[in-house]
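To start, the structure itself, in structure tokens.
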Amino acid sequence: MADNESILVTGAAGQLGAVGRTVTGLLLDRGLPVRAMVRREDDRAAALRAAGAEVVVGDLLEPADVYRVVSGCRRVYFGMSVSAGYLEASVTMAAVAREVGVHALVNMSQMTVSQMSIQHTTPSPQQRQHWLSEQVLAWSGLPVVTIRPTVFLEGFFLPLTGPTVRDRGRIELPFGRGKTSPVAAADAARVIAAVLADPGPHLGRIYELTGPRSQDMHGVAREYSDALNREITYADIAPEDWERVLKSARLPEHLIRHLVTMAELHRAGRYDRMTDGVERLTGRPAMSVREFVSLHADEFGGRRS
Ligand SMILES: NC(=O)c1ccc[n+]([C@@H]2O[C@H](COP(=O)([O-])OP(=O)(O)OC[C@H]3O[C@@H](n4cnc5c(N)ncnc54)[C@H](OP(=O)(O)O)[C@@H]3O)[C@@H](O)[C@H]2O)c1
């Protein structure tokens with residue numbers, strides 16, 4: 001695999017801590033050339049350019065855009081925001097990657113897909129689309145590496161528990177007594193960067209990623225308490241109340257259905273999973289909840305001295 005060809009990273013603008021943006025930085029740190037795909041020219045695009053990436057603008061739902069950005073790249077990270085067009089974007093990427101002759105396609109998926117089949121699916125439109133996307137990529141014959149992380153600390157716990165921890169010292173989620181082992185998107189990004197840097201040994205593999213501990217939400221709250229040096233408790237709220245909160249935040253229906261399903265599966269014990277994927281692929285243990293909350297203490301209302 002030629003080392004001088006750019007590696008394409010889709011969804012590269014992201015929020016701070018999002019996968020594509022972090023992967024871009026990690027590959028640049030390794031001295032690898034990166035083509036970072038963004039949706040629009042903005043400050044985030046300028047920051048990627050300043051960091052040394054070749055920035056390309058395009059829409060993952062437009063085949064001609066996808067062909068333009070993939071052309072010239074043999075290694076690709078494919079991931080984008082949870083959204084209704086995810087399957088279409090995946091199939092478009094698969095068609096283009098075949099046409100262009102991609103040597104390694106690292107596909108972001110979700111751990112729940114490990115428990116899905118034709119007979120056993122979930123009500124989440126996003127999880128269904130990830131399952132179908134994996135099917136399509138398997139049929140495509142492309143050299144694929146599949147990344148299946150469990151729930152993200154950055155993408156879920158920070159935005160959805162940050163405000164109540166800040167205001168009331170409480171995690172309010174309808175997870176019942178279900179256990180969970182959230183993983184840092186930063187760790188998922190470290191795995192993806194390691195795979196993209198040397199894809200050969202990973203082709204055809206599926207990597208499930210969790211944090212270092214599976215515990216119920218009271219255990220998670222204790223890790224928040226340790227990190228913030230003040231008492232944080234867990235309130236098991238009613239699923240309908242949580243759905244009302246999500247609706248009042250005016251989140252897209254696709255995302256609400258996905259989040260509501262994640263809560264339902266947590267209550268059913270389906271997020272009680274443990275893997276050593278992060279440590280095995282990166283040589284470093286996965287970040288704990290306590291470490292994550294310490295790193296983001298200000299966003300959780302600060303640490304008491
Ligand atoms: N959150 C979790 O708990 C979790 C857990 C496991 C797996 N995952 C998976 O992780 C992925 C999301 O990763 P993330 O949180 O790093 O992503 P993200 O930050 O939500 O999205 C990445 C980027 O995708 C871009 N994008 C959206 N639609 C696009 C389009 N049509 N064309 C081009 N770019 C587009 C967005 O651009 P703009 O910023 O300009 O809108 C965004 O910057 C999903 O596949 C999700 O299923 C998430």
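All figures in this text were calculated on a predicted structure; none of them were measured in a lab. Both ligands and their constituent atoms are indexed starting at 1 by order of listing.
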> So, are Arg49 and Glu41 salt-bridged, with charged N and O less than 4.0 Å apart?
Replying inline: yes
> Are Thr164 and Glu172 close enough that a side-chain donor and a side-chain acceptor fall under 3.5 Å?
Replying inline: no
> Looking only at N/O atoms, are Phe156 and ligand 1 under 3.5 Å apart anywhere?
Replying inline: no
> Backbone or side chain, does any N or O of Ala18 fall under 3.5 Å from an N or O of ligand 1?
Replying inline: no
> Glu208 and Ser114: side-chain donor and acceptor closer than 3.5 Å?
Replying inline: yes
> In ligand 1, which numbered atoms sit nearer than 4.0 Å to a non-hydrogen atom of Val151?
Replying inline: 3 (O)
>> Below a 4.0 angstrom heavy-atom separation, can you tell me which part of Arg40, side chain or backbone, both or neither, approaches ligand 1?
In response: side chain
> Phe292 vs Phe300 aromatic rings, parallel, tilted or perpendicular, using cut-offs 30° and 60°?
Replying inline: perpendicular
> Are side-chain N/O atoms of Ser90 and Ser133 paired as donor and acceptor at under 3.5 Å?
Replying inline: yes
>> Please state which option from Gln15, Arg39, Arg44 has its nearest heavy atom closest to atom 39 (O) of ligand 1.
In response: Arg44
> Under the side-chain contact (heavy atoms from CB on, under 4.5 Å) test, which residues partner Pro285, sequence neighbours left out?
Replying inline: Glu279
> Tell me: protein heavy atom nearest atom 45 (O) of ligand 1, and distance?
Replying inline: Tyr86 OH, 2.7 Å
>> So, 4.0 Å and heavy atoms of Ala188: is ligand 1 close enough to count as a contact?
In response: no
> What's the verdict on side chain to side chain donor-acceptor pair (under 3.5 Å) for His130 and Gln126, showing C-alpha distance, side-chain angles and the deciding distance?
Replying inline: CA-CA 6 Å; His130 274 303; Gln126 183 70 20; 3.0 Å; yes
> For atom CD of Gln15, is the number of surrounding heavy atoms from other residues, nucleotides or ligands below 6.0 Å larger than 12?
Replying inline: no
>> If I take atom CD1 from residue Ile147 and atom OG from residue Ser109, how far apart are they, to the nearest 0.5 angstrom?
In response: 9.5 Å
>> Looking only at protein heavy atoms, which one is nearest to atom 7 (C) of ligand 1, and what is the separation?
In response: Ser109 O, 3.3 Å
>> I'd like the name of whichever of Ser81, Gly11, Ala45 reaches closest to atom 27 (C) of ligand 1 through any heavy atom.
In response: Ser81
> Out of Glu62, Met80, Met108, who gets a non-hydrogen atom closest to atom 12 (C) of ligand 1?
Replying inline: Met80
>> Side chain or backbone, does Ser83 bring an N or O within less than 3.5 Å of an N or O on ligand 1?
In response: no
> Starting from atom 43 (O) of ligand 1, which protein heavy atom do you reach first, and at what distance in Å?
Replying inline: Gly14 N, 2.8 Å
>> Using heavy atoms and a 4.0 Å limit, tell me yes or no: is Gly85 in contact with ligand 1?
In response: no
> Where's the contact between Thr150 and ligand 1, heavy-atom distance under 4.0 Å: side chain, backbone, both or neither?
Replying inline: backbone
>> Return the closest protein heavy atom for atom 14 (P) of ligand 1 as residue, atom name and distance.
In response: Val19 N, 4.2 Å
> What is the nearest protein non-hydrogen atom to atom 31 (N) of ligand 1, stated with its residue, atom name and distance?
Replying inline: Asp59 OD1, 2.9 Å
> For ligand 1, which atoms sit closer than 4.0 Å to a heavy atom of Val82?
Replying inline: 46 (C), 47 (O)
>> Against ligand 1, does Gly79 come closer than 4.0 Å with any heavy atom?
In response: no
>> Suppose I only count heavy atoms of Gln126 and a 4.0 Å limit; which atoms of ligand 1 are within that range?
In response: 47 (O)
> If you measure every N/O of Met37 against every N/O of ligand 1, is any gap under 3.5 Å?
Replying inline: no
> Under 3.5 Å, is there a donor-acceptor pair between the His202 and Tyr207 side chains?
Replying inline: yes
>> To check your reading of the model: name the closest protein heavy atom to atom 3 (O) of ligand 1, its residue, and the distance in Å.
In response: Phe152 N, 2.8 Å
>> Heavy-atom distances under 4.0 Å decide this one: backbone, side chain, both or neither, for Ala185 against ligand 1?
In response: neither
>> Assess, by modelled atom type and distance only, whether the side chains of Thr122 and Gln127 contain a donor and an acceptor separated by less than 3.5 Å.
In response: yes
>> Take a 6.0 Å sphere around CZ of Phe156 and say whether it holds more than 12 heavy atoms from other residues, nucleotides or ligands.
In response: yes
> Considering only the protein, which heavy-atom contact is closest to atom 32 (N) of ligand 1, and what is its distance?
Replying inline: Leu60 N, 2.8 Å
>> For the residue pair Thr150 / Arg273, report whether a side-chain donor-acceptor contact shorter than 3.5 Å exists.
In response: no
>> If we only consider heavy atoms of His130, is any one of them less than 4.0 Å away from an atom in ligand 1?
In response: yes
>> If the test is side-chain contact (heavy atoms from CB on, under 4.5 Å), which one of Leu173, Asp216, Val220 qualifies with Tyr234?
In response: Leu173
